[in-house]
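Please read these numbers as outputs of a predicted model, since none were measured by experiment.
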2 protein chains.
Amino acid sequence: MAGNLSTPGASVASRVFALLGAFDAEHRALSLTALAERAGLPLATAHRLAGELVGLGGLERRGDRYVVGRRVWDLGLLAPVQAELRQVAAPFLHDLYAATHATVHLAERAGAEVLYLDRLSGRATVPVVSRVGGRLPLHTTGVGKVLLAHAPDDVQRAVLAALPRVTPYTITQPGRLCEQLRRVHREGFAQTVEEMSLGACSVAVPVRGPDGEVVAALGLVVPDLRRGRARLVTALQVAAAGIGRSLPAESSSPGELPLSESSR
Amino acid sequence: MAGNLSTPGASVASRVFALLGAFDAEHRALSLTALAERAGLPLATAHRLAGELVGLGGLERRGDRYVVGRRVWDLGLLAPVQAELRQVAAPFLHDLYAATHATVHLAERAGAEVLYLDRLSGRATVPVVSRVGGRLPLHTTGVGKVLLAHAPDDVQRAVLAALPRVTPYTITQPGRLCEQLRRVHREGFAQTVEEMSLGACSVAVPVRGPDGEVVAALGLVVPDLRRGRARLVTALQVAAAGIGRSLPAESSSPGELPLSESSR
DNA sequence: CCGATCCTCCCACTGAGCGGAATCGCCACA
DNA sequence: TGTGGCGATTCCGCTCAGTGGGAGGATCGG
């Protein structure tokens with residue numbers, strides 16, 4: 001927390017990540033000045049470091065803008081975030097899409113947010129705000145509710161303590177959400193109705209690994225849930241079961257998902 | 001700058017990337033010792049730096065192994081490698097898969113290699129060695145031949161100068177390959193027959209941006225090409241045209257930066 | 001022409017980073 | 001229970017890589 005990166009005491013590594021972290025979905029290309037500012041580094045320092053990163057492939061220069069380099073993309077693909085799960089799940093997402101033509105989501109919980117691992121949408125039918133690699137609140141999305149329902153107590157408490165409103169239909173009362181989470185356990189699926197974005201509803205089910213642990217959630221986004229919900233849930237459950245069965249004995253027993261992993 | 005990373009003179013940034021670069025598709029999890037060795041760093045240095053990177057999210061620790069961190073995955077998704085192209089192409093790859101049930105590839109040229117941007121394969125039908133983010137030789141793959149045929153002269157020369165054999169059917173004679181490249185221009189598609197892996201054939205077509213430039217290649221891998229090749233080529237061409245048409249007026253051509261908002 | 005904005009380069013100071021060496025913890029084998 | 005090997009961790013004093021203020025250039029626009 002805290003320390004200004006430009007004050008002595010900051011490591012070079014942290015500066016490197018500050019530079020890379022200056023980029024986000026809305027800022028994929030930055031001028032040197034913008035880069036320095038967003039990274040909280042003095043211009044000269046940013047300039048030198050950025051130059052070095054370009055040499056290493058961590059950044060790329062396009063005209064007078066910097067963008068994240070291909071090397072980072074390469075490396076990111078090696079991250080275990082997706083290594084097994086995405087690979088295994090891909091064909092099933094596919095089948096789901098073929099069967100429903102809805103937007104298909106594969107997500108896991110990252111701290112107190114949903115992290116979208118994969119998304120599959122044909123031509124956009126419904127407004128969908130998710131993005132692969134993107135994060136959204138747990139309480140406003142179908143996959144989020146599923147993951148929240150199966151999250152450790154401390155995470156549930158933390159999330160329930162603050163339920164920001166996103167649309168007029170967002171559930172902001174802890175009691176109501178709590179009841180819904182219980183229902184997720186009881187019925188095996190979660191749903192949302194315009195709680196994240198108007199005109200979009202979703203259903204989702206848990207994906208369980210070989211040992212019964214909930215490792216991810218699988219969801220669909222549709223314009224309307226009133227008819228055909230049962231069909232969608234069934235399709236989801238079939239796919240989720242298939243994914244779970246295809247997952248190897250999984251290695252990641254050692255603890256992860258601490259609630260407070262984010263550095264800022 | 002080729003020096004040993006452990007000798008004074010190496011920058012911290014280069015050491016950071018040396019650590020990250022120690023991972024590859026076959027080494028997704030490394031012990032500290034292995035990490036240090038592969039990165040070419042003294043153990044103590046690797047230990048300290050790795051610890052720092054874990055704190056920054058660049059690495060993750062699982063038991064006594066290190067893996068690439070989620071943060072890197074996040075950042076990688078911001079790289080322009082795929083930003084536009086993959087997004088736009090996804091539904092078309094999809095359609096192709098639905099129509100052919102073959103493994104579908106989207107690739108671009110990275111130097112003297114094919115870089116696979118996306119891959120879509122149902123349950124494996126044919127042995128396929130590609131991997132998203134992976135690289136393969138230009139002369140042994142369908143997409144590679146397409147990209148090579150449309151590559152600048154110097155790249156062609158460099159590739160033709162050394163054609164390593166991969167299977168007994170790999171084309172290693174510059175003359176024959178050259179002839180094939182001419183045919184790619186003439187006929188608008190390329191093919192391979194067990195030149196990369198036995199039992200796998202492929203066809204591929206170029207994807208052209210709005211300005212006619214070849215920005216990528218689209219390919220299919222099938223067990224046999226003797227019958228139905230025309231159908232596959234047609235499907236590919238339809239999809240490639242669709243992708244090209246959907247691409248915005250920008251391109252991922254090097255050194256040019258178009259697009260995008262500005263910071264202010 | 002001049003001022004504003006952004007990029008690039010320089011260079012002397014200094015504390016962050018380095019890494020050899022010692023230590024710890026674990027396991028296998030005797 | 002001892003012993004030896006292997007890997008992870010910690011320590012600490014030296015030093016050179018990194019820092020960043022500031023000067024200088026390149027554009028742009030009025």
Nearest-Å distance for atom pair CG/P, residues B:Leu49 and C:dA16: 15 Å

Value in whole Å for how far the P atom of D:dT19 lies from CG of A:Leu41: 8 Å

Short side-chain N/O contact to C:dA16 OP1/OP2 from B:Arg15, under 4.0 Å: no

Parallel, tilted or perpendicular: rings of A:His105 and A:Tyr116 (30°, 60°): perpendicular

Distance in Å, B:Tyr66 OH paired with B:Leu32 CG, rounded so as to fall on 0.5 Å steps: 5.0 Å

Heavy-atom closest pair, residues A:Asp24 and A:Arg38: OD2-NH2, 3.0 Å

Separation of D:dG7 P from B:Arg65 CZ (nearest whole Å): 11 Å

Euclidean distance, atom CG of residue A:Leu19 to atom P of D:dG20 [Å, nearest integer]: 12 Å

Any side-chain heavy-atom pair of A:Arg15 and B:Val12 under 4.5 Å: no

Between CD on residue B:Glu113 and CG on residue B:Leu138, distance to nearest 0.5 Å: 7.5 Å

Considering only nitrogen or oxygen atoms on both sides, find all protein atoms under 3.5 Å from nucleotides 7-12 of chain C and state each distance.
from: C:dC7; atom 1: OP1; to: A:Leu32; atom 2: N; distance (Å): 3.2
from: C:dC7; atom 1: OP2; to: A:Thr33; atom 2: N; distance (Å): 2.8
from: C:dC7; atom 1: OP2; to: A:Thr33; atom 2: OG1; distance (Å): 2.1
from: C:dT8; atom 1: OP1; to: A:Arg61; atom 2: NH1; distance (Å): 3.4
from: C:dT8; atom 1: OP1; to: A:Arg61; atom 2: NH2; distance (Å): 3.0
from: C:dT8; atom 1: OP2; to: A:His47; atom 2: NE2; distance (Å): 3.4
from: C:dT8; atom 1: OP2; to: A:Arg61; atom 2: NH2; distance (Å): 3.3

Nearest-0.5 Å distance that lies between atom CG in A:Leu19 and atom CG in A:Leu53: 6.0 Å

